[in-house]
Amino acid sequence: MMANNNHWDEKDQKQYEHIRESELKEGREEKTSDRIAAATVNKERRRQGRTLAQQQGSAEGGSK
């Protein structure tokens, strides 16, 4: 199953697929692998300040 997230770029999608495949090879279920991969990509996007909430906060002049 491929994550369908309009806010992810190509790099995010590749990272998701790589993590998902690694998790499946470790023997995790498909649903769990999807969840772990998506959470990891989203965590990295948050760390880099690339989430919608962070971008909207910056545009409004607020700091969080």
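Residue indices begin at 1 and follow the sequence shown.
With sequence neighbours excluded, no residue satisfies salt bridge (Lys or Arg N to Asp or Glu O under 4.0 Å) with Glu29. Residues that satisfy the side chain to side chain donor-acceptor pair (under 3.5 Å) test with Thr51, not counting sequence neighbours, are Gln54. Scanning for salt bridge (Lys or Arg N to Asp or Glu O under 4.0 Å) contacts around Glu44 gives Arg47, with sequence neighbours left out. Under the salt bridge (Lys or Arg N to Asp or Glu O under 4.0 Å) criterion, Arg28 pairs with Glu23, sequence neighbours left out.
In this structure, the side chain of Asp12 engages the main chain of Asp9 through a donor-acceptor pair within 3.5 Å.
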Applying side chain to side chain contact (heavy atoms under 4.5 Å, CB included), run through Tyr16 and Thr40 and close with a yes or a no.
CA-CA 8 Å; Tyr16 169 85; Thr40 303; over 6 Å; no
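Of all non-hydrogen atoms in Ile19 and Ala37, the two that sit nearest each other are CG2-CA, 3.6 Å.
Taken to the nearest 0.5 Å, the CD atom of Gln48 stands 11.5 Å off from the CZ atom of Arg46.
Sparse packing is recorded around CD of Glu10, with 12 or fewer heavy atoms of other residues, nucleotides or ligands lying under 6.0 Å away.
Arg45 is listed as a side-chain neighbour of Trp8, based on a closest heavy-atom distance under 4.5 Å.
Under 4.0 Å is where a charged nitrogen must lie from a carboxylate oxygen, and between Glu21 and Lys25 no such pair does.
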